[in-house]
Amino acid sequence: MEKKKNVKLNIRKGDLVKVMAGDSKGQQGKVLQVILKDSRILVEGANMVSKHTKPNAANPNGGINKQEAPIHVSNIMLIDPKSGNATRISKKRDEKGRVIRIAKKSGEEIK
């Protein structure tokens with residue numbers, strides 16, 4: 001079995017992102033979780049799927065729950081904090097030597 005290489009992603013938990021492809025195209029949301037080994041991201045309110053649950057102690061009736069499914073990182077772009085449009089990201093070092101993310105469109109630092 002092939003071992004997947006861990007990839008560094010430009011998107012972090014809590015970032016505001018826009019879905020660029022798929023059924024949820026055009027939707028914006030906050031990143032809930034980053035799954036590094038699969039290069040996938042869980043976005044709040046995007047790519048909703050129905051999960052059928054059997055009755056159990058917590059949910060005696062069972063039923064159908066809507067929840068977010070992971071989206072591949074290639075289908076997501078970060079939102080520029082200045083303009084509100086989707087943007088690419090560059091990385092630079094600040095005066096203290098820390099790596100910071102910068103929006104390509106506006107040059108604004110992404111917190």
Side-chain angles (χ1 to χ4, degrees):
M1 191 164 119
E2 266 187 55
K3 195 174 182 184
K4 274 201 172 182
K5 188 176 169 186
N6 279 353
V7 194
K8 284 191 176 182
L9 303 180
N10 292 326
I11 297 172
R12 297 182 191 151
K13 184 177 174 178
D15 285 345
L16 189 64
V17 295
K18 183 174 184 179
V19 180
M20 303 306 288
D23 292 338
S24 300
K25 182 177 178 177
Q27 289 185 358
Q28 291 184 9
K30 207 164 110 176
V31 174
L32 299 174
Q33 184 182 3
V34 177
I35 305 162
L36 281 175
K37 67 175 185 157
D38 297 331
S39 297
R40 292 185 172 270
I41 292 175
L42 210 62
V43 180
E44 185 177 42
N47 199 23
M48 298 298 282
V49 294
S50 298
K51 178 141 172 94
H52 294 69
T53 54
K54 284 185 172 180
N56 57 25
N59 188 3
N61 293 333
I64 302 168
N65 298 332
K66 287 277 194 181
Q67 66 182 41
E68 294 94 354
I71 305 171
H72 196 268
V73 71
S74 66
N75 298 326
I76 289 174
M77 282 185 88
L78 204 74
I79 299 288
D80 191 334
K82 195 173 188 179
S83 68
N85 296 328
T87 182
R88 291 175 295 148
I89 302 161
S90 69
K91 290 185 177 182
K92 291 186 180 165
R93 293 196 178 270
D94 64 359
E95 57 277 349
K96 293 180 183 174
R98 293 179 298 190
V99 176
I100 56 171
R101 300 177 300 160
I102 296 172
K104 285 268 193 176
K105 284 194 176 169
S106 67
E108 191 88 3
E109 182 182 344
I110 298 164
K111 301 280 190 251

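Just the heavy atoms: all of them, side chains too, but no hydrogens, waters or symmetry mates, feed the values below.
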>> Apply side chain to side chain contact (heavy atoms under 4.5 Å, CB included) to residues K25 and M20 and explain how you reach the verdict.
In response: CA-CA 5 Å; K25 182 177 178 177; M20 303 306 288; 5.9 Å; no
> Hey, quick one: are V34 and V43 part of the same hydrophobic cluster, counting side-chain heavy atoms closer than 4.5 Å, chains of contacts allowed?
Replying inline: yes
> Is a side-chain N or O of K105 found less than 3.5 angstrom from the main chain of A86, in a donor-acceptor match?
Replying inline: yes
>> Determine whether V19 and N47 satisfy the following criterion, side chain to side chain contact (heavy atoms under 4.5 Å, CB included), listing intermediate values before the conclusion.
In response: CA-CA 9 Å; V19 180; N47 199 23; over 6 Å; no
> How close do S24 and A46 get, heavy atom to heavy atom, and via which atoms?
Replying inline: OG-C, 3.7 Å
> From K54 NZ over to N59 CG, what is the distance, rounded to the nearest 0.5 angstrom?
Replying inline: 13.5 Å
> Is there a path of hydrophobic side-chain contacts, each under 4.5 Å between heavy atoms of I, L, V, M, F, W or Y residues, that connects V31 with I89?
Replying inline: yes
For residues 69-79, run the donor-acceptor check on the side chains, cut-off 3.5 Å, and write out each pair with its distance to 0.1 Å, sequence neighbours left out.
{"residue": "H72", "atom": "ND1", "partner": "S74", "partner atom": "N", "Å": "3.1"}
{"residue": "H72", "atom": "ND1", "partner": "S74", "partner atom": "OG", "Å": "3.0"}

> Looking at side-chain heavy atoms only, is the closest gap between E109 and R101 below 4.5 Å?
Replying inline: no
>> If I take atom CG from residue N65 and atom OG1 from residue T53, how far apart are they, to the nearest 0.5 angstrom?
In response: 4.5 Å
> Is there a donor-acceptor contact under 3.5 Å from the side chain of S90 to the main chain of K104?
Replying inline: no
> Of all heavy-atom pairs between I64 and S50, which one has the smallest distance, and what is that distance?
Replying inline: CG2-CB, 3.7 Å
> Is I110 linked to L9 within one hydrophobic cluster, defined over Ile, Leu, Val, Met, Phe, Trp and Tyr using a side-chain heavy-atom separation of less than 4.5 Å?
Replying inline: yes
> Would you say N10 and K91 make side-chain contact, with heavy atoms under 4.5 Å?
Replying inline: yes
> Taking all atoms of both residues into account, what is the closest heavy-atom pair of K51 and Q67, and its distance?
Replying inline: CD-NE2, 3.6 Å
>> Working to the nearest 0.5 angstrom, can you tell me the gap between I11 CD1 and L16 CG?
In response: 10.5 Å
> Does L32 belong to the same Ile/Leu/Val/Met/Phe/Trp/Tyr cluster as V17, with side-chain heavy atoms less than 4.5 Å apart forming each link?
Replying inline: no
> Are there more than 12 heavy atoms of other residues, nucleotides or ligands under 6.0 Å from atom CG of D23?
Replying inline: no
